[in-house]
> 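First the structure, then my questions, so here it is.
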Amino acid sequence: MPIGIVSTGVYIPSHSMSAEEIAAASNVPLHVVKDKMGITKKPIPGPNDHTVQMGIWAAQDALKRGQVDPKSIDCVIYIGEEHKEYPLWTAAIKTQEEIGAYHAWGFDIALRCGTTILALKLAKSLMLSDDSIETVLLAGGYRNSDFIDYTNESTRFMFNLGAGGAAMILKKNHDVNALLESDLMTDGSFSEDVVVPVGGTKTPLTQELLMSGAYKLDVLDPEGMKKRLEQKSMQNFLKVIRHSLSKSGFTEHDISFLAILHMKKSAHNYVLNELGLSEDQSIYLHEYGHIGQMDQIISLQLAEQQGKLKKGDIVVLVSAGIGYAWGATTIKWGSE
């Protein structure tokens with residue numbers, strides 16, 4: 001039974017932060033920001049660009065692009081971040097209401113920047129196991145750039161964090177843009193490496209901690225994390241890609257396009273080289289930065305708009321998220 005992608009949607013804030021501004025705020029040389037970090041600019045939230053709201057705007061874009069009646073949606077899965085309009089709040093239910101998906105039910109999931117891949121795997125399983133679920137919307141927003149302290153050198157690898165929203169509509173018995181198999185890995189040895197150290201039950205937020213800026217993202221063991229990541233990250237990245245392809249009946253030699261998250265340029269090039277791909281078989285998101293789990297949908301939509309996808313292409317979406325999680329999903333583009 002085919003599960004296909006009907007449409008995607010994207011919302012990008014009009015406000016942005018340039019490479020020059022990042023360099024000035026962080027005291028990192030401009031050529032490092034541009035050439036090594038791979039950022040020319042990145043979107044940042046404006047006054048009304050709240051996390052869930054950006055996901056709602058992206059969902060409305062997906063509905064319009066796919067000519068989908070919101071009342072036909074059976075399930076809404078929120079794929080955005082926990083940092084949103086209110087704490088302890090189910091964003092999928094708000095999204096359902098705002099788009100008019102009155103016959104749907106919804107829930108939130110979280111796997112940091114791996115959430116979209118997780119959602120694709122979960123949505124497919126739900127659709128195959130439940131006859132009542134025909135159409136599923138994935139939607140969410142991201143603005144974890146709010147938690148970046150540009151003077152904290154240990155979080156330098158996160159200076160690319162941006163803001164935006166993305167959405168995807170999946171449909172059962174839709175033999176276009178077939179969703180094939182996913183592969184996910186998690187490694188708990190990284191689970192407390194990158195955290196917001198205050199504001200939880202361990203260290204409740206106080207006025208003093210707020211004023212000191214302690215609520216920003218931090219790395220508790222920078223040297224240890226770097227050493228462990230160097231040993232595992234890229235290999236796990238390639239492993240989930242290859243496993244997703246293998247489960248789907250393909251190999252890396254079949255890849256036509258890789259929708260990959262934004263990371264430093266050398267790592268991006270390493271992945272392409274290891275898979276035997278050219279730069280034209282991916283999109284480097286240097287004008288977007290890293291918008292978390294939205295990157296794969298943004299890359300896919302940009303590829304479609306730029307004419308990089310054709311019927312029969314094998315497309316792989318791949319992510320890596322703090323925690324640490326790696327995930328990939330294979331798609332056969334176009335109709336059978």
Side-chain angles (χ1 to χ4, degrees), residues 18-20 22-23 26 28-43 112-114 116-117 155-162 183 185 187 190 225-246 250-309 313-322 324-331 333:
S18 68
E20 290 78 7
I22 295 170
S26 63
V28 172
L30 180 59
H31 73 91
V32 173
V33 176
K34 285 187 171 182
D35 300 333
K36 292 188 177 181
M37 295 182 177
I39 312 166
T40 52
K41 66 176 182 177
K42 64 176 187 176
R112 303 287 69 76
C113 302
T116 294
I117 303 300
T155 62
R156 185 166 160 173
F157 68 99
M158 293 186 283
F159 288 178
N160 63 343
L161 295 190
D183 192 68
M185 292 178 63
D187 186 336
F190 298 93
M225 178 182 170
K226 182 180 180 182
K227 184 177 180 180
R228 282 177 279 117
L229 268 182
E230 286 174 350
Q231 294 171 346
K232 297 181 178 181
S233 185
M234 286 295 100
Q235 293 311 308
N236 288 348
F237 210 84
L238 293 166
K239 187 179 292 185
V240 293
I241 292 171
R242 289 165 175 154
H243 284 182
S244 171
L245 286 161
S246 178
F250 299 99
T251 73
E252 60 203 81
H253 303 295
D254 298 306
I255 300 174
S256 301
F257 184 81
L258 187 69
I260 185 172
L261 74 160
H262 182 274
M263 51 188 176
K264 64 181 182 180
K265 193 65 166 68
S266 61
H268 178 90
N269 290 341
Y270 174 82
V271 173
L272 294 185
N273 290 336
E274 287 294 303
L275 296 172
L277 301 176
S278 67
E279 287 193 12
D280 194 51
Q281 290 177 282
S282 186
I283 293 175
Y284 191 61
L285 300 171
H286 64 93
E287 293 187 335
Y288 296 85
H290 180 36
I291 310 180
Q293 52 269 42
M294 309 303 138
D295 283 8
Q296 293 77 33
I297 298 176
I298 292 168
S299 181
L300 189 65
Q301 184 161 311
L302 287 172
E304 185 180 18
Q305 291 170 344
Q306 294 175 20
K308 289 180 176 286
L309 306 178
D313 277 355
I314 299 304
V315 178
V316 177
L317 279 56
V318 61
S319 69
I322 295 300
Y324 227 86
W326 297 265
T329 295
T330 300
I331 298 163
W333 197 257

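Computed from a prediction, not measured in an experiment: that's the story for all the values here.
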> Working to the nearest 0.5 Å, report the span between CG of L300 and CZ of F257.
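Going from CG on L300 over to CZ on F257, the span is 7.0 Å.
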> Less than 4.5 Å apart, any side-chain heavy atom of L229 and any of F190?
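A side-chain contact under 4.5 Å exists here.
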> Taking everything shown except K264 itself, do over 12 heavy atoms lie less than 6.0 Å from its NZ?
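Check fails, neighbour count at 12 or below.
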> How close do I283 and H268 get, heavy atom to heavy atom, and via which atoms?
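So the minimum-distance heavy-atom pair works out to O-CE1, 4.2 Å.
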> How far apart are the closest heavy atoms of A328 and V240, and which atoms are they?
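Looking at all heavy atoms of both residues, the shortest contact is CB-O, 3.5 Å.
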> Flag the pair Q296 / V318 as yes when at least one side-chain heavy-atom distance between them is below 4.5 Å, and no otherwise.
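No. Closest side-chain heavy atoms not under 4.5 Å.
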> Find the distance between CG (L277) and CD1 (I255) and round it off to the nearest 0.5 Å.
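Between atom CG of L277 and atom CD1 of I255 there are 5.0 Å.
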> At what distance, to the nearest 0.5 angstrom, does CD1 of I297 lie from CG of L317?
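Result: 8.0 Å between the selected atoms.
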> Please find the pair of heavy atoms, one from C113 and one from S319, that lie closest to each other, and give the distance.
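Where C113 meets S319 most closely, the heavy atoms are O-CB, 3.4 Å.
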> Working to the nearest 0.5 angstrom, can you tell me the gap between L245 CG and I314 CD1?
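Spacing of CG (L245) from CD1 (I314) equals 8.0 Å.
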> Does any N or O in the side chain of E287 come within less than 3.5 Å of the main-chain N or O of K41, such that one atom is a donor and the other an acceptor?
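No.
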> Measuring only between side-chain heavy atoms, which start at C-beta, is V271 closer than 4.5 Å to L238?
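A side-chain contact exists here, since the closest heavy-atom pair is under 4.5 Å.
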> Restricting to non-hydrogen atoms, name the atom on V28 and the atom on A23 that form the minimum distance, rounded to 0.1 Å.
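Looking at all heavy atoms of both residues, the closest pair is O-CB, 3.2 Å.
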> Answer yes or no: are there more than 12 heavy-atom neighbours, outside Q306 itself, under 6.0 Å from its atom CD?
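Enclosed: over 12 neighbouring heavy atoms sit under 6.0 Å from CD of Q306.
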> Which heavy-atom pair separates T330 from S244 by the least distance, and what is that distance?
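For T330 versus S244, the nearest heavy atoms are OG1-OG, 2.7 Å.
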> Hey, does the side chain of Q235 reach the backbone of K232 with a donor-acceptor pair shorter than 3.5 angstrom?
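No, Q235 side chain to K232 backbone: no donor-acceptor pair under 3.5 Å.
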> Under a 3.5 Å distance rule, please check whether Y284 uses its side chain to pair with a backbone N or O of M263 as donor and acceptor.
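Judged by distance alone, yes, a pair lies under 3.5 Å.
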> Would you say N269's side chain and S266's backbone share a donor-acceptor pair under 3.5 angstrom?
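No.
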> Closer than 3.5 angstrom, by distance alone: can the side chain of D313 be matched with the main-chain N or O of W333 as a donor-acceptor pair?
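Here the side-chain-to-backbone pair does not exist.
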> Just jot down the side-chain contact (heavy atoms from CB on, under 4.5 Å) partners of D35, sequence neighbours excluded, or say none.
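Scan of D35 (side-chain contact (heavy atoms from CB on, under 4.5 Å), adjacent residues dropped) gives H31.
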> From M185 CE over to F237 CZ, what is the distance, rounded to the nearest 0.5 angstrom?
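Atom-to-atom, M185:CE and F237:CZ are 12.5 Å apart.
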> Taking the side chain as everything from C-beta on, heavy atoms only, tell me whether E20 gets closer than 4.5 Å to L30.
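A side-chain contact exists here, since the closest heavy-atom pair is under 4.5 Å.
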> I'd like to check L261 versus H290 (side-chain heavy atoms, cut-off strictly below 4.5 Å). Are they in contact?
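Of all side-chain heavy-atom pairs linking H290 with L261, at least one is under 4.5 Å.
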> Test K308 against every option in D280, L302, V315 by the side chain to side chain contact (heavy atoms under 4.5 Å, CB included) rule and name the one that passes.
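Exactly one candidate clears the test, D280.
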> Does W326 reach the side chain of K239, with side-chain heavy atoms less than 4.5 Å apart?
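Sidechains of K239 and W326: no contact.
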> Specify the closest pair of heavy atoms between I117 and D183, including all atoms of both residues, with the distance to one decimal.
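So the two residues come closest at CG2-O, 4.4 Å.
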> Please check if the side chain of H262 supplies one atom and the backbone of G38 the other of a donor-acceptor pair under 3.5 Å.
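The answer is yes, because a donor-acceptor pair under 3.5 Å joins these two groups.
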> Given side chain to side chain contact (heavy atoms under 4.5 Å, CB included), test L258 with I241 step by step and report yes or no.
CA-CA 10 Å; L258 187 69; I241 292 171; 4.2 Å; yes
> What's the spacing between D187 CG and S233 OG if we round to 0.5 Å?
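Reported to 0.5 Å precision, the distance equals 10.0 Å.
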> Tell me whether K265 contacts the main-chain N or O of H286 through its side chain, where contact means a donor paired with an acceptor under 3.5 Å.
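Looks like no, no N/O pair under 3.5 Å.
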> Quick check against the 3.5 Å criterion: does K42 have a side-chain atom that pairs as donor or acceptor with the backbone of L161?
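Flag set: sc K42 to bb L161 pair under 3.5 Å.
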> Go through the steps for M37 and F159 under the test side chain to side chain contact (heavy atoms under 4.5 Å, CB included), then give the verdict.
CA-CA 8 Å; M37 295 182 177; F159 288 178; 4.0 Å; yes
> Between S246 (side chain only) and R242 (backbone N and O only), is there a donor and an acceptor less than 3.5 Å apart?
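Absent.
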